[in-house]
Visitor: 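Here's a structure for you.
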2 protein chains.
Amino acid sequence: MPAPQDCPGCATPDLAFAAHDHAHCTADALARAEALTAAAGARLTPVRRRVLEILLEEHRALGAYDVLSRLAQDGYGNQPPVAYRALEFLVDQGLAHRIQRLNAFTACVHPGEDHAPAFLICRSCHAVAEAPAAQARAALDSAAAQSGFLVERATIEALGLCPTCRGQA
Amino acid sequence: MPAPQDCPGCATPDLAFAAHDHAHCTADALARAEALTAAAGARLTPVRRRVLEILLEEHRALGAYDVLSRLAQDGYGNQPPVAYRALEFLVDQGLAHRIQRLNAFTACVHPGEDHAPAFLICRSCHAVAEAPAAQARAALDSAAAQSGFLVERATIEALGLCPTCRGQA
DNA sequence: TCTTGACCTGTTATGATATTACATACATAG
DNA sequence: CTATGTATGTAATATCATAACAGGTCAAGA
């Protein structure tokens with residue numbers, strides 16, 4: 001088995017959007033997933049493994065219900081928790097990412113001004129502040145440019161503790 | 001009316017989480033909203049104005065249904081589109097932000113490694129790449145630190161065009 | 001004045017995403 | 001072999017979001 005860096009695939013930023021031996025990356029990733037879960041004392045069961053395969057097969061983000069319908073085709077349970085639980089496991093194990101939203105709105109504190117906001121969301125009191133993120137945005141633009149990707153809109157959110165709640169903890 | 005920078009409130013990053021004359025910021029923001037919508041030839045109708053007030057009153061992000069239930073208390077319609085439409089208007093006018101996520105999952109391309117991913121999501125072909133965003137993350141951390149906010153988890157997403165789709169456009 | 005057309009609001013219905021609660025199966029330590 | 005913890009299956013329901021259409025308001029122009 002080649003070392004990870006030998007795989008000329010998805011994990012290499014410049015090649016992420018380019019054609020590459022995707023089957024190779026997939027096999028490689030599955031093998032590493034087996035090793036990592038074993039090392040963590042967790043079990044990469046058939047459903048979980050299949051969900052990871054499904055995610056790896058696609059070069060895009062899948063909704064939980066997309067995953068679920070593919071699982072159902074393979075004879076697994078087709079109720080939402082089946083997919084959500086396997087996905088949660090993979091995220092916990094660092095094998096997948098959840099691209100998430102808050103489903104919420106805040107008033108803009110800089111209306112009428114051109115600005116690149118980042119949102120600081122306190123997980124304790126749920127306060128939200130809008131911080132200036134021009135630098136972070138610039139860094140993102142330049143990282144994207146490495147892959148030839150053109151950023152049109154960016155979402156930068158931080159979940160953590162506000163000063164007040166930090167003081168109380 | 002004081003100039004915006006005279007308002008010692010929400011819009012000042014260092015003070016965003018600190019105690020301040022919030023009523024002042026609110027009044028100020030509403031006045032500016034009136035001016036901005038008028039200048040844009042748009043109408044800040046009672047529902048829309050009320051929704052902005054509701055968002056401004058809270059120092060946190062509200063779900064559309066939260067907004068809706070407060071609207072209903074004031075005698076406005078209590079069907080989801082009432083809130084969604086007003087919120088959409090405010091976002092279009094730059095008076096509010098929508099904090100959103102994709103509700104989707106991708107396989108991690110760097111499992112087992114400590115990394116700060118940014119997601120590059122092509123709006124045309126829906127491909128998703130995971131780009132290294134250590135710099136953007138560092139910039140975010142430092143912007144947050146200005147307000148005394150401690151970042152635990154960050155979500156950095158870019159919506160735009162991948163190289164392939166750019167070529168086709 | 002009347003009409004027209006643009007835009008705003010309300011309502012019904014439905015789609016899409018996510019979780020709770022509980023029942024069953026299964027692996028493995030003792 | 002059995003008890004325990006963990007994984008999976010299922011039903012029901014909660015939460016978030018949009019499509020489609022009906023009616024109201026208001027201002028510009030005939």
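The figures that follow rest on heavy atoms only: side chains count, while hydrogens, waters and symmetry mates do not.
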Visitor: Calculate the interatomic distance between A:L68 atom CG and D:dG9 atom C1'; express it in whole Å.
Guide: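 Between C1' of D:dG9 and CG of A:L68: 12 Å.
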
Visitor: Go through C:dC7, D:dA17, C:dG10 for me and flag the one nearest to the B:V82 side chain.
Guide: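 The nucleotide sitting nearest to the side chain is C:dG10.
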
Visitor: Write down the distance between CG (A:L90) and P (D:dA7), rounded to a whole number of angstrom.
Guide: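 Atom CG in A:L90 sits about 12 Å away from atom P in D:dA7.
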
Visitor: Which residue lies toward the 5' end of DNA chain C, A:R43 or B:R43, if each is placed at its nearest nucleotide?
Guide: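 The 5'-side residue here is B:R43.
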
Visitor: What is the separation between atom CG on A:L87 and atom P on C:dT17, rounded to the nearest whole Å?
Guide: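 The distance from CG of A:L87 to P of C:dT17 comes to 13 Å, rounded to the nearest Å.
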
Visitor: If you go through the side-chain atoms of B:Y65, does one of them form a donor-acceptor pair with the base of D:dA14 closer than 3.5 Å?
Guide: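 Between D:dA14 and B:Y65, which were checked side chain against base, a qualifying N/O pair under 3.5 Å is absent.
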
Visitor: Only pairs under 3.5 Å count here: list side-chain donor-acceptor contacts from residues 131-143 of chain B, not counting sequence neighbours, and write none if there are none.
Guide:
| unit_1 | atom_1 | unit_2 | atom_2 | d |
| --- | --- | --- | --- | --- |
| B:R137 | NE | B:D141 | OD1 | 2.8 |
| B:R137 | NE | B:D141 | OD2 | 3.4 |

Visitor: Below 4.0 angstrom, N of the basic side chain to O of the carboxylate: do B:D66 and B:R70 qualify?
Guide: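 So B:D66 does not pair with B:R70 through a salt bridge.
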
Visitor: Given atom CG of B:D66 and atom C1' of D:dT15, what is their separation to the nearest angstrom?
Guide: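 So the CG-C1' distance, B:D66 to D:dT15, works out to 11 Å.
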
Visitor: Do A:T155 and B:T155 have side chains that approach each other closer than 4.5 Å (heavy atoms only, starting at C-beta)?
Guide: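 When only atoms from C-beta onward are counted, B:T155 and A:T155 do not touch, as no gap falls below 4.5 Å.
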
Visitor: Hey, are the side chains of A:L87 and A:L55 touching, using non-hydrogen atoms and a 4.5 Å cut-off?
Guide: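 When only atoms from C-beta onward are counted, A:L55 and A:L87 do touch, with a gap below 4.5 Å.
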
Visitor: A:Q93 versus A:L36: any side-chain heavy-atom pair under 4.5 Å?
Guide: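 Not touching, per the 4.5 Å side-chain cut-off.
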
Visitor: Calculate the interatomic distance between A:L44 atom CG and D:dT8 atom P; express it in whole Å.
Guide: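 Atom CG in A:L44 sits about 10 Å away from atom P in D:dT8.
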
Visitor: Are B:L44 and B:F89 side-chain neighbours, meaning at least one heavy-atom pair lies under 4.5 Å?
Guide: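 Side-chain contact under 4.5 Å: yes.
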
Visitor: Got A:P80 and A:L68 here, is their nearest side-chain heavy-atom distance under 4.5 Å?
Guide: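 Counting from C-beta outward, A:P80 and A:L68 do come under 4.5 Å.
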
Visitor: Please state how far atom CG in A:D74 lies from atom C1' in D:dG9, giving the value in whole angstrom units.
Guide: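 So the CG-C1' distance, A:D74 to D:dG9, works out to 16 Å.
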
Visitor: Pick out the pairs of N or O atoms, protein on one side and nucleotides 19-23 of chain D on the other, that lie under 3.5 Å.
Guide:
none

Visitor: Could you tell me how far apart A:N78 (CG) and C:dA16 (P) are, to the nearest whole angstrom?
Guide: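 A:N78 atom CG is separated from C:dA16 atom P by 16 Å.
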
Visitor: Give DNA chain D the dot-bracket treatment, 5' to 3': Watson-Crick (N1-N3 with N6-O4 or O6-N4) or G-U (N1-O2, O6-N3) under 3.5 Å, [ ] crossing, | other strand.
Guide: ||||||||||||||||||||||||||||||

Visitor: A:R48 side chain: which of C:dA18, D:dT8, C:dT11 is closest?
Guide: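 It is D:dT8.
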
Visitor: Between the side chain of A:R50 and the main-chain N/O of A:D74, is any donor-acceptor distance below 3.5 Å?
Guide: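 No, the answer is negative, given that no donor and acceptor are paired below the 3.5 Å cut-off.
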
Visitor: Report yes if at least one side-chain N or O of B:Y84 is closer than 4.0 Å to OP1 or OP2 of D:dT18; otherwise report no.
Guide: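 For D:dT18, neither OP1 nor OP2 has a side-chain N or O of B:Y84 closer than 4.0 Å.
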
Visitor: Would you kindly give the CD-to-P distance between A:Q79 and C:dA21, to the nearest whole Å?
Guide: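 Result: 17 Å.
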
Visitor: From A:R49 CZ over to A:L56 CG, what is the distance, rounded to the nearest 0.5 angstrom?
Guide: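 Between atom CZ of A:R49 and atom CG of A:L56 there are 10.0 Å.
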
Visitor: Consider the side chain of A:V47, meaning its heavy atoms from C-beta on, and name the nucleotide among C:dA18, C:dT9, D:dT8 that approaches it most closely.
Guide: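 Between C:dA18, C:dT9, D:dT8, the one nearest the side chain of A:V47 would be D:dT8.
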
